[in-house]
2 protein chains.
Amino acid sequence: MKSTSVRPDLVIVGSVALDSITTPYGSVEEEIGGSAVYASLSASFLCNTGIVGIVGKDFPEEARLLLKQAGIDLSGLVTANGETFRWRGEYSADMNSRKTLETRLNVFADFSPEIPTRYRTSSYLFLGNIDPRLQLRVLEQSPKCKFVAADTMDLWIQTAADNLHEVINAVDLITMTDHEACLFTKKSVIADAANSLISSHGVKYVLIKKGEHGSILFANDYIRIIPAFPLAKTRDPTGAGDVFAGGLLGYLAHEDKDPNLESITAAIVLGTIMASFCVEDFGIKALAATRIEQIARRLDAYQHFVSLYPPHLALS
Amino acid sequence: MKSTSVRPDLVIVGSVALDSITTPYGSVEEEIGGSAVYASLSASFLCNTGIVGIVGKDFPEEARLLLKQAGIDLSGLVTANGETFRWRGEYSADMNSRKTLETRLNVFADFSPEIPTRYRTSSYLFLGNIDPRLQLRVLEQSPKCKFVAADTMDLWIQTAADNLHEVINAVDLITMTDHEACLFTKKSVIADAANSLISSHGVKYVLIKKGEHGSILFANDYIRIIPAFPLAKTRDPTGAGDVFAGGLLGYLAHEDKDPNLESITAAIVLGTIMASFCVEDFGIKALAATRIEQIARRLDAYQHFVSLYPPHLALS
């Protein structure tokens, strides 16, 4: 999807950053990252995608070019006086936890998302992990969306739970890790947490992210377990959740039918496949090098991996 | 399957114990347990099952009765002078790890499995987690088996790796946790470990157990991801791996066709369902109270949970 002259099908709001990452497999310095970058690169394989975010004057021209070459509409990417958001993190030996070593918000501290007029009739919206007050601001500017998904993190659960409730209540799908869902709903079991998000916080779809163990979609009286794609090597998990969400929304926008349980489940499968590419190398490297044929092949392989028994197993 | 007058379809060799268990949800004292008990109770829903094990004179009559009432053939259960094997363990708050507080092997220290003549033509065999030297002894006595599966643990990997290699080389399917498979093969990635078990240790099927995250079956050029059944509450994970294996073997024996990839995958689904009952209460309580109708219902629900998209998803 290389055309940027049309209205984006999908608008992605989030951070744009320069990340310095260390994992047991190596490290990178000041690689382009942030939730909006990861999610939009993923979605760009599937639909016309526009970013809303902020960078500083030091944002590298080659990073901007990379996004443009992926067909991503950058008219919502503001360049402000000052420096781009920097993040530095280090993963544990098993990569199941990470330490933030340094966060310099820089221009991101004053981020106040403005949706370009041209984006305001886009049908699909992903609210990356930013302050829920800003997510609410975006929602006010995007009244015509067919489907909105939002991501969040423990920081907002702890500091802005009421605003986060408003976001969850307003969107169609919320993504959370199992830990975040339990923390926010004060439940100890994922299923209870998901049910509380649906019944008490008013969201229709809850997508619980379990990293290398895949994800679970909850809706009213509906559960789908979506395993991760089995990989020979994971080098850097950074951005995998955003790539997952970007693939999901990208697929829905690509299909552009009224999203239902079946299409959302299929979209999660696409997100799962996209995330599997992301983690194979540092930062956006693997994702940027991925070709649509590889995605199609992995999608096909995945469906074999998870196909348990044709046609239906019953006790006889 | 209530008849014990016939030759068992499935022979299960393993420990019979009295377990004292503490989890965040409570504790029990001297409940009947051990790999042979858990696996046979699980298999008994599906086929005629015989145990090979050892208990002391203090083994409670009601425990014996419970096994008999489940239709389990106890003619291979030796009663020796001395006390029954005791195990005491405590789980961490998140139940992802456990401490062994006490192990009294008692009569189990001298366990030398003898397969009753009547069992020697049984077609299916499960070697529960015991010393691989004893597992080899059982294999010598069971030359006619159609399908043999074995379980093991880190202790044997560390102390009897060569014997364990012989076992793995002789059986059709080995079950290991992801940690054990990596430890034994000295690989850091599950897929590499499984491939090494197949190519260097000569086993056909490798079943990697990931607890609440399900399991993965590896065979030559074949992977199947089998998610766990999503549960509202897990009270006690003790025995889940044995119940899993018991359900798997029980299903194969129930079908009694030459096991192939498809039937083994289906059997793993059955094992997955059986394990989901096991962990819902302490020790064997939940499993002993389960009815076949509940198993059939959960099997049906599970197939909805993991059914991702009819009929085939492709990028268009």
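Lettering follows sequence order; numbering is per chain, from 1.
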Inset, instruction - Determine whether B:S97 and B:Y91 make a side-chain contact, defined as any pair of heavy atoms from C-beta on separated by less than 4.5 Å. - result: no
Inset, instruction - Among A:I268, A:L299, A:V243, find the residue that satisfies the side chain to side chain contact (heavy atoms under 4.5 Å, CB included) test when tested with A:I273. - result: A:L299
Legend entry - Residues from residues 221-236 of chain B approaching chain A under 4.5 Å (heavy atoms): B:I223, B:R224, B:I225, B:I226, B:P227, B:A228, B:P230, B:L231, B:A232
Inset, instruction - Side-chain contact test, heavy atoms from C-beta onward, threshold under 4.5 Å: evaluate it for A:E90 versus A:R98 and give yes or no. - result: no
Legend entry - Proximity of residues 276-296 of chain A to chain B, residues having a non-hydrogen atom under 4.5 angstrom: A:I292, A:I295, A:A296
Inset, instruction - Show your working on side chain to side chain contact (heavy atoms under 4.5 Å, CB included) between A:F45 and A:H254 and close with a plain yes or no. - result: CA-CA 9 Å; A:F45 286 96; A:H254 170 78; over 6 Å; no
Legend entry - Identified side chain to side chain contact (heavy atoms under 4.5 Å, CB included) partner of B:Y205 from the options B:I198, B:T265, B:L261: B:L261
Inset, instruction - Count the heavy-atom pairs under 4.5 Å between each of B:V189, B:L217, B:D192 and chain A, then report the option with the highest count. - result: B:V189
Inset, instruction - Using modelled atom types only, decide if a donor and an acceptor are shared between the side chain of A:S200 and the backbone of A:L197 within a distance under 3.5 Å. - result: no
Legend entry - Sub-4.5 Å side-chain heavy-atom contact between A:L207 and A:L248: yes
Legend entry - Residue pair A:D256 / A:Y124, side-chain donor-acceptor N/O under 3.5 Å: yes
Legend entry - Within 6.0 Å of NZ in B:K146, more than 12 heavy atoms from elsewhere: yes
Legend entry - Distance (rounded to the nearest 0.5 Å) between B:H213 NE2 and A:E212 CD: 7.5 Å
